[in-house]
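Heads up: the structure comes next, in structure tokens.
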Amino acid sequence: MRWHEVTVHTTEEAIEMISNFIHELGAGGVSIEESGTLNKQRDTSLGQWYELPLNDIPEGRAVIKGYFSEGTDMEAILLELKRSVETLSEYDIDTGEPTYELKEVDDEDWANAWKQYFKPLRITDRLTIKPTWEEYTPGPDELILELDPGMAFGTGTHATTALCLKTLERVIQGGEDVIDVGTGSGVLAIAAAKLGAGRVLALDLDPVSVSSATENAKLNGLERQITVKLSDLLQVINEHRAAGASEGTLGVKLPVQVVVANILAEIILMFVDDVYEVLESGGTYIVSGIIKAKKASVEEALTAAGFIITERHEEQDWVVLVARKP
């Protein structure tokens with residue numbers, strides 16, 4: 001089978017949104033390659049090994065490729081994609097004057113080729129992400145997150161996901177009810193459960209992500225502990241109000257002790273008050289997906305909602321904030 005490949009040359013800042021646009025246009029897969037210049041810091045504190053050679057993508061730039069099946073009207077796809085990318089300036093996201101390319105490729109050129117670069121990755125002293133197709137022998141006390149992201153976001157290698165995983169390891173003490181907003185492949189929900197959370201509710205508005213997260217929960221033997229729903233946080237609140245205090249179909253009991261969200265800052269700003277409502281007093285909100293330029297606006301929104309910001313951590317150009325509800 002042949003596929004149409006659309007390539008976007010853009011900035012690392014715009015990766016999440018442009019990747020999402022390509023998925024929404026019906027892509028059968030999306031690949032992302034970021035800058036691999038000598039100036040990029042590589043975290044080797046836990047012995048990580050980087051097999052990919054340094055590439056010639058300029059610092060701060062990225063190459064995103066989307067794959068569409070034969071018969072797709074690629075002129076219409078490309079026109080709509082360009083229109084969507086142009087709207088990002090309204091959110092102060094720098095797309096870096098993107099350029100676009102179209103060509104045809106064979107199945108074997110992309111469907112499984114990316115898997116050779118997704119190796120077991122030690123995120124923290126305890127957490128290791130292992131692709132389902134890789135052999136790996138864990139060490140003592142090492143928690144293995146089995147993952148097959150498929151077409152959904154989240155292999156755990158992106159800086160925002162790694163920041164969230166490291167923060168979850170510090171926050172989860174055992175027995176908490178947790179909500180993961182925008183779960184993608186389910187990696188954060190799985191990590192929370194492996195770290196000792198009692199119950200986890202994983203939410204996403206993308207059916208592909210819901211399917212991927214559901215399957216990954218099963219791969220880790222956590223399908224009874226993790227509930228995956230096609231929903232946003234407001235719908236969860238409304239469902240809780242209608243059902244009363246019982247868990248119902250949510251799996252968790254509101255208010256919960258921890259909420260984690262690894263989503264773009266522009267989306268985070270839309271549901272700050274909803275997070276405050278679903279958290280119990282003393283509860284913790286872990287929020288990432290924030291570029292440094294957006295940190296101040298997110299902090300301002302959290303403070304205005306009543307949160308107290310207790311931690312700030314940065315990696316590359318990304319930020320994770322930890323906030324507590326008084």
So among E75, E80, K82, which one has a side-chain contact (heavy atoms from CB on, under 4.5 Å) with L78? K82
Quick check: do [X] and [Y] have side-chain heavy atoms less than 4.5 Å from each other?
X	Y	result
T161	L188	yes
E314	K295	yes
L201	V256	no
R61	E12	no
I267	M270	yes
I64	F21	no
I263	F271	yes
Y91	L264	no

Counting N and O atoms only, with roles assigned by atom type, does the side chain of [X] sit under 3.5 Å from a partner on the main chain of [Y], one being a donor and the other an acceptor?
X	Y	value
D204	T183	yes
T10	T95	yes
D177	V252	no
N220	E146	yes

Hydrophobic clustering (ILVMFWY, side-chain heavy atoms < 4.5 Å, transitive) - are [Y] and [X] grouped together?
X	Y	answer
I18	L79	no
L219	V200	no
L234	V278	no
L205	I237	no

Using distance alone, with no hydrogens and no angle criterion, decide if T160 and N262 have a side-chain donor and acceptor under 3.5 Å apart. yes
Drop me the distance from [X]'s [atom1] to [Y]'s [atom2], to the nearest 0.5 angstrom.
X	Y	atom1	atom2	value
E13	I93	CD	CD1	6.5 Å
I190	L195	CD1	CG	12.0 Å
S281	R324	OG	CZ	9.5 Å
L102	M74	CG	CE	5.0 Å
E104	H4	CD	NE2	5.0 Å

According to salt bridge (Lys or Arg N to Asp or Glu O under 4.0 Å), who are the partners of R170, at least two apart in sequence or on a separate chain? E311
Less than 3.5 Å apart, which donor and acceptor atoms pair up between the side chains of residues 136-145 and the rest of the protein, not counting sequence neighbours?
from, atom 1, to, atom 2, distance (Å)
Y136, OH, E142, OE2, 2.6
E142, OE1, G139, N, 2.6
E142, OE2, T128, OG1, 2.4

Taking 4.0 angstrom as the limit, do R2 and E70 come out as a salt bridge? no
Walk me through whether I172 and V178 qualify under side chain to side chain contact (heavy atoms under 4.5 Å, CB included). CA-CA 9 Å; I172 299 295; V178 178; 3.9 Å; yes
When you measure from the centre of the six-membered ring of Y285, is the NZ or CZ of K325 closer than 6.0 Å and no more than 45° off the axis? no
Worked check of side chain to side chain contact (heavy atoms under 4.5 Å, CB included) between D274 and D232: CA-CA 10 Å; D274 294 337; D232 60 14; over 6 Å; no
Give a yes or no on this: more than 12 heavy atoms of other residues, nucleotides or ligands lie within 6.0 Å of atom NZ of K103. no
Can you confirm whether E300 is buried at CD, in the sense that more than 12 heavy atoms of other residues, nucleotides or ligands lie under 6.0 Å from that atom? no
Identify every side-chain donor-acceptor pair in residues 302-310 under 3.5 Å, counting partners at least two apart or on other chains, and give the distances.
from, atom 1, to, atom 2, distance (Å)
T303, OG1, E299, O, 2.9
T310, OG1, V322, O, 3.1

